[in-house]
Structures are given as structure tokens and as C-alpha cells.
Amino acid sequence: MTAALRGLRRTLDFLYLAAGVLAALCLIAILLLIVAQMVARWTGEIFPGAANYAGYSMAAASFFAFANALNRGSHIRVSLVLNALPKAARRWLEVWCFGIASAVMWYFTYYAYWFTFWSWKFNEVSQAQDATPLWIPQSVMVIGGGILAISLTDHLVHVIFRGDHRIKRDLVDQSFAE
Amino acid sequence: QEKWDLPMAYSGSNFHSVTGAEFAKCVTTGTGGDIEVTTHPSGSLFAGGDIKRAVQTGQVPLGERLLSGHQNESAIFGWDSVPFLVSSFDEHDKLYAAAKPHLNELLAEQNMTMLYSVPWPPQGLYFNKEVNSAADMEGLKFRSYNNATARMAELTKMLPVSIEAAEISQAFATGVAESMVSSGATGYDRKVWESLSHFYSVDAWLPRNYMLINNDVWDGVSEQNKNVINACASMAEYAGTWRAKEYTGFTLAGLAAGGMSVQPAGDQLMGDLRKVGEIMAAEWLEAAGETGAAILDAYNAQ
Amino acid sequence: MDELYAIALFLFVLFLLLGSGVWVGLALMGVAWVGMELFTSRPVGDTMITTIWASSSSWTLTALPLFIWMGEILFRTRLSEDMFRGLSPWLARLPGGLVHTNIVGCTVFAAVSGSSAATLTTVGKMSIPELRSRNYPEAMIIGTLAGAATLGLMIPPSLALIVYGVTVNESITQLFFAGVFPGLCLALMFMGYVAVYSWLSPNWAPKQETGMSFVQKLANSRFLIPVLLLIFVVIGSMYAGLATATEAAAIGVIGSLVLAAGQGSLNWSTFSESLMGATRTSAMIALILAGAAFLKLAMGFTGLPRALADGIATMELSRFELLMILMVFYIILGMFLDGISSVVLTMAVVEPMVREAGIDLIWFGIFVVVVVEMAQITPPIGFNLFVLQGMTEHEMGYITRAAFPMFLIMVLMCFVLIWFPDIAMWLPENMRQAP
Ligand code: NA
Ligand code: NA
């Protein structure tokens, strides 16, 4: 039983980290695409659709990184009430927060799945020069949203059974956003 | 009693939005408040590119969209954007009559019905210098926003650069782009005379905006209200088309007042551009297949 | 009456979710969902995904992670030490002495970093120990640092301006240029305050610097060359029309990688840390933007923004009165929310109002940035206060009091912007007319 749980733990942690690394690669892709587009323009060449590919990479970089950002405490919340509460009460408020958040993300993932499915079914293609079949980039919403939903549920279970979540907040990390 | 939200892509003062707002008012009063239509201009509900799908899937009951934006999906949607196929409002009307049945068929397949449609003013060419032939255009940085405009740049040996609508003024001011194809209205709204000097009214094409309604919604409307809506729609189409013609003159005068040289293209330039048009028409026909051929045949038969 | 009830419920859910500590982006999605269910019979899920996809795959947004990444790279270089060494010889003789390195250092770093707290962290880690060892009054060190760091949001690049520009669909390049002079003006006002304080304060007795010859000063200035070069390349590429704001961000990332490599501080661990940090931070903002996009749509369906804009219009407020109301509103909001969240949360309602009143949206962006800058140093939630608490181990109350004069200067800045709008508008307008 505990071995199975430990295996699950390792698998989940690997999943969050791997998605985060994938997101980082997408960020590098954005950089390369934009540089390529710029250099192409300066040299009189054409790189059709570069802006759109950069946009898709942006979505991928965001969605794949959501869970990793959650685990490192990067996502902003108003923690005024949480910090003021005694420990026992805080646990129940955390259950509420993770419960709501998991519900929102599972809802999101469900509809993102059907949205992407219909893009594929309708054969929807990008309206710009790249003419990409849209279900391909849109599936990052399903995968990334799903991973965030899993991770929120993971924390929820942890709060219920262990009394606290597993988020480790990093102030330096967060300072780059404010 | 129902509430319909009507998303529109362009700013509230744009003549398409004004026409749409009148249509909404007409439906609201005409149906005696059975159907209350609220317009949401400036893409405040859905951005232009998302409106078609929003109507198609019933996220909104109806919406207005420039259908040629969806050419990648089906070349038929681009019937109004084949360069230099028509060169006046009258010729364009004939082409519209030829295309309409085929377009309606395609829209029906996508669970939508067209209520009315209003053209944009004809598209002209903007440059930062005098241009008398295709050779003068060679090497200029040309703002492209879709496949057709990029292809046009390619065929005239210009360099297509993609620039977001919001960045147009900036791009011309800083020389990121040196020319574009657009209606007089766009140039007027963006005050491009601050950085561009010449406008040639080549009447390259007249793209249209379409008021589309979801078929599930449409089927649920009573016969009486359908008649009201259709009557409002034909009034809107008439008024909108009139505005498009008026506005063409107004914006061209505005460009001239801003200090731009506004004139028809010279013979050499027009001849060069028509050659480009022939190539692109052939390419469009290839993409649009039998339906495309049927539209052109019907047009030529008139 | 039904509508009123629904709006009250809507607001209640908003405060409940945000206040109880649900992550801002997800709370906004939840509120939007409730609003849609209350006000329309449209399919909520599809609508949510359509807007969120459109907003999160936008090309203009790509400037965001790139500028964050640039800041992350520079944070891990010797930049702040070099800046102190290069700046201090010149500033030591000014009235107020080396406290000015806080302000000028923040101004310079603001020109390569898009965030306020990162500016604070980078400049502070160097200047606090140096200033303390020279016996400057502690409250002055802390206060000026907290205040001047907020310039990170105003002087381009600025995450707040990118987010604002994406939200109201205005040119980010124009917004960036609009921020330059107001940023410098604010910096001068901070410096003026320091000078006046040093004259008036009875216990101003810092250690005097041993004089440096002019040649030595010049020689020390070489430490500033790399960062000035970087600023020149990033801003210059935009001004010369070689690059859009997004492309300038890409140039900035490459420039800072080169700078880091030149200093020998670029290795695998700094590279991967900066990359992963930037990825997480931009994901954080992306989640808020996603929630805000859905909320904006839901608000559109409710008709609330338009009703409010119409209501304000019928009240016939003058431009000035409207701006005063908005200023107070944002200051209160800023006590509890971070700047980016309060911008995106309110824009759906505020944008139509401001457009209705005929206020230029570029100018208003700068005005909003000044106001949300204040949020960084107002309690109980002010990120610069948190960072300084971590760095100095002072009480929140002490830091807040030390930063309060800077807060007042920023309020003054709002009025300066209203009275002299050209401070913001001159540069973007003259860019537009450049050949
Ligand atoms: Na900055
Ligand atoms: Na605050």
C-alpha cells in the first residue's frame, strides 16, 4: 500500500516537473521564433506565421507551467485571512480553497477537451498565414489544464489527510512578477 | 421574451457597427420586445476571429463577421477578396448575387443563416512614395494580414510583414512597414498621413461583413418575428451599403485633407496589378473547386 | 430588482473567493462562471474556453515571459555591484549623498527589468549594506528603496503596461514610450525629497566619502557601460523602428545572456534557474489573465460595465472628478490586491467609462501604473513591503512608515500627470511622427 502510494507520489512529482521543463522549452521556442522573424525581416526574407507559432508557444508555455508554478507558490492569492486563522481553522479554509480551485480546473479541462475535440471535428484551421489545424495547439489547454487540475486535487487530498498542502513558497521567485 | 447578445468586431463609431446597432433596435422594437438585441462593438464580447465559431456553436445567438477571414477553412468564404476581379460597387453587386446561393449553402452546413451583409469600401493601396508600376513596388515592406495579402506581396515582389491592427500607426511611423492594402476607412481611422504619402484607389476588392444567426436559434423564432427580423435585415443591408458608398468618398477626402495624394492608379500600374489579379483568381479557382467555377460562370453570364 | 439582487450575489461571490484565498486567476474564473449562469442562457463552458484560448495564445503576450526572463538573468549577474561602483562616486556629493544610489540605481535597473519587486531585490541586496555601513538613517534607506523600486513598473519595459496594453488592446510600444518621462520625473521627485530631507533633518550625519578625482570617477563609470549599452539597445531598437516591443524583449534576453557571459556569471545553474523562474512567473500572470479574460466576457454579457459607464456619464462628472474617484478606488483596491490583478480585474468596467469620458487610453495607462505602483508599498498586502521585510527583518509597520513619504510623492505625481499630460504623451506622439 505505502509502496504504491510512494510510486504514485514519484510519478506525480515527475509529471509536474516534466511539464514545467516542457514549458521552459516553449519559452526558448518563443525566443527563437521571434528572433527568426526579426532577422528574416531585416534580411528581406519571409517567415510566414512566425507570430502565430509564437502565440501557440506562449499558450503552451503557460499551460504546461501552471502546476509547477502552483507547487512553488508562484500563483498569487490573498492570504490575509488564511494567515490570521489558527491552524485548525486554516486547514478547513485550505480545503475550501483547494476544493474550489480543483472544481474550477476540472470544469475547465472537461470543456477544453470538448472544445479541442470540436476543433478537430470541424476541421478548424488558423485564420492566419500559418493555417495550422487548431486542435494541435489547443490540446495544450487540455493537457496543461488537466495537470493543474490533478495537482490541485493532489494538494486537496494532502490537506485533508495530512493537514497541510505541499506548496513551498519562494519570495525571490515571486518578486519577478510584481 | 428573449435577450440576444450581438458581438461585433469594430468600434462603435464604425459604419458597420452603426448599421448593426440600428438593426438591433429595429428588431427589439419590431418584435414588441419579444427579442431584445444588445450589441457589443469593439470586440468587447468576442474578438473578430472568434465570432463565427461563437455563433456556430451557439455561444451567442447571432454575430457579425468578415467572412473572408475564414478563407483557410474554405476558399468559398474568400469569394469577395479575389483581387481585381471586380472594380466597382456595381460589379461587386453582380458577383455577390452570383455567390450568394453557394455561400448560403455553405453556411447552412455550418448551422448558420445569413441575415444581411454589407460591403466595406473598396480596398486601395497605400505607399510612402509615388508608385507608377509594379516595378516601383519591388522591395517595399508591405503590411500583410492573411494569405491573400501575403501572396499579393509575393507576386509584386514586395516583402510581406505581418503587423497587428493595433500596431499599424506605430509600424508606419517607424518604417517597419511602408505600404499596405486597405480601405480608405482604415487609413483615415489610423491617421496614416502622418507617415504615408500616396493612396491609389485601385478598388482591388470589396470584402463584406455578414450578420449571421445560429440555426437552432433561428428555427425557434416565431414566423411573425422572423418576418420582422428579415425586414429589419433588408433595411440594414440597404442602409449599410449606402453608408459604405458615402463613407468611401468621405474617407478619401479625409486622406487628401490630411496631406496625402489620393488618385486612381496610372495605366501602367493598373495593368501590372490586373496581371497579379489574374494569377490570384486562377489560384482561388483552384482552391474553391467546382463551387468557385460555378460562381464565376454565373457572374460572367450576367 | 432581480438584476440588483443578481449583481449583489455576483459581488459577494467575488469577495468570498478572493478573500478566502482562492488563487486570483481561478477565483476570477469561478466568479465569471457564476455571472454567466446568472445572467445568460448561453453555454458557459464553451464560451469560457473560446475566450481563454484567444487571450492566452496572443502574440502580443509573448513580450511578457521574455522581459521577465531578462530580469531573471540580470538578477543573477554582478549587475547591482557594478551599478553601485559606477554610480556612487558621482552621487556622493549631492545633498542626500549616497541615498541617491537607491533611486538612480532603481531607475537604471527599471530600464531593463519589468517588475518592481525584482528591481527592489536587485538594487537592495547591494545598496542596503553599503548605505548602512556609511551610517545613513535606516528609515531613509528603506523608504527610498521601497518607493524608487516601483519605477520598475513605470519605466519601460513594464509588466504592468504589457498587461494593461493587452487588456485594453492598445499599442505596447506606445505605452512604453509614454512611461519614460513620467518615470524620470518621479525619480527626480524622489531625489528632491531626499535632498530636502538631508538639509532639514537634525540627525543626518553619514560618513563622508573620501574624495575621488574626476578621472577616478570616470574610470569607475566603466562598470556602468554594459547595462547602459543594454538599455540603449533595447529601447533604441524600439525607437528606431527596428523592433516591436516583443522583439525588443527578445533582444533584451540575448543582450543579458551576453552580459552575463561577459561577467562570467553565466553557467548551467544560473541559466536553468532563470529560465524556470521566468516560466513560472509568466505562467502565474497568464493564469490571472486567463481568468480576467473570462470575467471580462461574463461582465459583457451582464451589461454591468456599460450600465456603469452610462451611469457615470449621466452624473456628468468632470474628467478631473472621474480621475479622483478612480485614484481613490485603486488605492483602496491596491491595499489588498497586487497591481496586475487590480488592473485586469477592473478594466472590463473602467475601460468603457474612461473611453466614454474622452480620456486617452495611452495616458490613462500611465496614470493607472502610478496608482498601482502605490499598491506595492501600501499595507496590508504590498509586495515591496514583504520583500523588504525579508531583506531587513524590520517590522511591516516600520517599513510602511518609512515608505509613506514616497506614497505621498506618488499621489503628487498623479496630479502632475493630470496637470501636465504632455509628460506622458509627448514622446509617443513624437514617435508617431518620426520619419
Ligand atoms: Na521597467
Ligand atoms: Na498594497
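No experiment lies behind these values; they were computed from the predicted model shown. Below, chain A is the first sequence line, B the second, and so on; all start at residue 1.
Heavy-atom distances place no part of A/Phe47 under 4.5 Å from chain B, backbone and side chain included. If you measure heavy-atom distances from B/Gln56 to chain A, the contacts under 4.5 Å come from the side chain alone. Only the side chain of B/Thr57 comes within contact range of chain A, with heavy atoms under 4.5 Å apart. For A/Ala128, the part sitting under 4.5 Å from any heavy atom of chain B is the backbone (N, CA, C, O) and nothing else.
Note: A/Glu124 CD to B/Glu73 CD = 6.0 Å, rounded to the nearest 0.5 Å. Here the CZ atom belonging to B/Arg53 is positioned 9.5 Å from the CH2 atom belonging to A/Trp118, to the nearest 0.5 angstrom.
Around NZ of B/Lys157, the count of heavy atoms belonging to other residues, nucleotides or ligands within 6.0 Å does not exceed 12. With a 6.0 Å radius and a threshold of 12 heavy atoms from other residues, nucleotides or ligands, B/Trp4 has its CH2 atom above the threshold.
Residues A/Ser126 and B/Asn72 come closest through the heavy atom pair O-ND2, 2.6 Å.
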